[in-house]
Amino acid sequence: MESPDPIASPAPPAAPTKTGWRRLTGAIGPGLITGAADDDPAGITTYSLAGAKHGLLLIWTAVFTWPLMAAVQMMCARIGMVTGQGLADALRAKVPRFVLVLFSLALVIANTLNVGADLSAMADSVSMLTGVSSHIFAPLFGVLIAWSTVRFRYAQIAKVLKWLALVLGAYVVTAFLAHPDWSAVANATFPPRLPKSSEGWAMLVAILGTTISPYLFYWQSSQEVEEQKAAGLRSIDQRRGATTEELQDRSFDVGIGTFASNAVMFFIILTTALTLHGKGLTEIETSRQVAEALRPLAGDAAYLLYAIGVVGVGFLAIPTLAGSAAYACAETFGWQQGLDHPFRKARSFYLVVIVSILVGVGLDLAKVNAVKALFASSVINGLVAPFMLIGILLVASDAKVMLGQPSSKLALGVVALTALAMFGAAIAMFVF
């Protein structure tokens with residue numbers, strides 16, 4: 001764990017202020033990556049399940065979760081930018097250590113299940129396109145992603161992840177290939193309709209858990225620290241505080257990333273509702289089944305785009321899932337951490353990444369049902385997230401911890417509303 005340097009070396013000279021288009025494009029980074037990583041193969045399958053099982057009943061969630069997700073992610077970004085530390089380090093000032101340990105344990109379990117489901121979905125997609133057994137591809141993907149995460153530094157990884165975010169456009173195109181009736185879609189979206197069964201409420205909890213997810217909280221704040229390290233701000237003292245311009249740029253970045261994430265969620269639910277649910281295909285066991293079912297219903301292009309998209313977002317999301325668990329554990333237990341470090345200087349941090357991915361490979365080889373695993377991880381996230389949001393609110397509202405730059409009352413209100421909504425959905429799941 002880092003500590004403030006007693007004699008901090010001077011910060012590097014500020015770069016020339018960018019304006020206009022250069023400033024906007026330069027601002028895009030951590031927020032876009034985090035938003036895109038939210039639509040991992042597990043998320044894609046959860047949204048596909050929602051569309052196949054419930055039609056357009058829950059499509060409104062894609063619209064209403066955007067401002068909630070944006071507010072949460074921006075609050076986590078602000079914590080990282082202002083304190084110069086990751087989320088677990090910041091939470092230590094307001095939350096008992098045993099609670100942080102429980103948060104980290106829940107995150108590792110949920111993320112490992114997610115990694116396993118993601119690897120299975122990626123392998124299934126390539127198997128579908130090549131005819132080769134999926135159990136060959138899952139270990140190959142796992143080893144490649146683990147090696148790349150350990151081998152390359154943050155700046156190199158972030159650059160690749162930003163480009164991989166473009167693959168999400170495949171799901172927007174797929175939706176249009178299904179030729180939706182947009183007036184019917186609008187009527188299904190507004191006003192929102194709440195589920196009337198335990199299964200429906202469980203699906204709502206899973207959607208909230210995979211959209212407003214604890215691993216994104218940790219990853220967002222840790223990316224802010226990594227961005228500052230990449231800019232030459234090596235010590236906590238150098239990283240503390242953020243300018244109004246920096247916060248505005250990140251707000252734009254987070255807004256774009258979360259909008260893209262929720263737009264993709266909208267179009268996946270739409271596509272599967274019109275095709276699978278419309279034809280009575282409501283029971284899905286794998287993402288491969290979704291793609292294969294799309295082929296006769298929406299054509300070869302939709303089939304290929306869905307399959308290729310699963311592979312692309314898997315490469316984007318798995319480093320995020322494993323990395324966020326590693327950041328959470330490292331900050332909780334005081335390990336040296338960061339993707340800017342070589343393996344020998346942050347062994348425990350990287351071992352969490354490696355073990356998480358290897359266990360995920362093991363789940364695939366053991367033929368654990370990927371859809372059940374990802375649904376379980378989404379529900380775990382949906383149950384843990386509101387408790388974490390309380391801790392985030394305590395940090396973000398504390399002027400002392402936030403060095404005189406706490407979140408606004410509006411932001412605090414929106415995140416509090418998010419926590420209440422997630423608590424309410426979880427309670428309803430059990431009550432119904």
Side-chain angles (χ1 to χ4, degrees), residues 33-34 36-46 48-49 104-128 132-152 157 160-161 164 206 209-210 213-216 218-219 222 285-288 307 309-330 339 343 347-381 384:
I33 293 170
T34 305
D38 185 45
D39 290 319
D40 66 329
I44 289 167
T45 309
T46 298
S48 299
L49 279 168
S104 296
L105 180 61
L107 186 71
V108 169
I109 293 171
N111 283 14
T112 301
L113 289 172
N114 246 16
V115 168
D118 286 358
L119 287 170
S120 294
M122 293 168 68
D124 269 348
S125 294
V126 177
S127 174
M128 181 174 59
V132 180
S133 171
S134 64
H135 296 301
I136 293 176
F137 289 109
L140 288 176
F141 287 146
V143 170
L144 176 60
I145 293 170
W147 176 82
S148 300
T149 306
V150 174
R151 172 66 179 79
F152 297 108
I157 294 171
V160 173
L161 294 183
L164 279 173
T210 200
S213 183
Y215 83 87
L216 299 177
Y218 284 102
W219 181 256
S222 295
E285 292 296 325
T286 66
S287 58
R288 176 174 184 163
V310 166
V311 178
V313 295
F315 277 112
L316 167 64
I318 290 175
T320 306
L321 286 160
S324 62
Y327 279 115
C329 289
L339 294 173
F343 180 82
R347 284 188 176 88
S348 297
F349 171 81
Y350 282 117
L351 282 174
V352 174
V353 174
I354 294 169
V355 170
S356 180
I357 293 174
L358 290 180
V359 173
V361 171
L363 292 174
D364 175 79
L365 295 177
K367 299 183 180 180
V368 172
N369 186 295
V371 171
K372 290 181 179 178
L374 72 87
F375 193 77
S377 70
S378 296
V379 172
I380 291 171
N381 285 331
V384 172

Looking at Val313, Asn111, Leu119, Thr149, which hits side chain to side chain contact (heavy atoms under 4.5 Å, CB included) with Ile318?
Leu119

For Phe141 and Val126, work out which heavy atoms get closest and say how close.
CZ-CG2, 3.6 Å

Please give me the minimum heavy-atom distance between Ala317 and Asp118, naming the atom from each residue.
CB-OD2, 4.2 Å

First locate atom CG of Leu321, then atom OG of Ser213, and finally report the distance between them rounded to the nearest 0.5 Å.
7.5 Å

At their closest point, which heavy atom of Ala106 faces which heavy atom of Ile380, and how far apart are they?
O-CG2, 4.4 Å

Please round to the nearest 0.5 Å and tell me the distance separating atom OH of Tyr215 and atom OG1 of Thr210.
6.0 Å

Compare every heavy atom of Ala138 with every heavy atom of Ala123, then report the nearest pair and how far apart it is.
CB-N, 3.7 Å

Can you name the closest pair of heavy atoms from Phe349 and Gly323 and give their distance?
CE1-O, 4.4 Å

Donor-acceptor contacts under 3.5 Å from residues 352-366 side chains, at least two apart:
residue	atom	partner	partner atom	Å
Ser356	OG	Thr112	OG1	3.4
Asp364	OD1	Ser120	OG	2.7
Asp364	OD2	His135	ND1	3.1

Once side-chain contact (heavy atoms from CB on, under 4.5 Å) is applied, do any residues pair with Ser148, and if so which ones, sequence neighbours excluded?
Leu144, Phe152

Is there side-chain contact between Leu216 and Ser324, with heavy atoms separated by less than 4.5 Å?
no

Taking ring pair (Phe, Tyr, Trp, His ring centres under 6.0 Å) as the test, write out the residues that go with Tyr350, two or more places apart.
none

Atom of Ser222, atom of Tyr327 and distance for their closest heavy-atom approach
OG-CG, 3.3 Å

Any chance you could measure Ser125, atom OG, to Phe137, atom CZ, to the nearest 0.5 Å?
11.0 Å

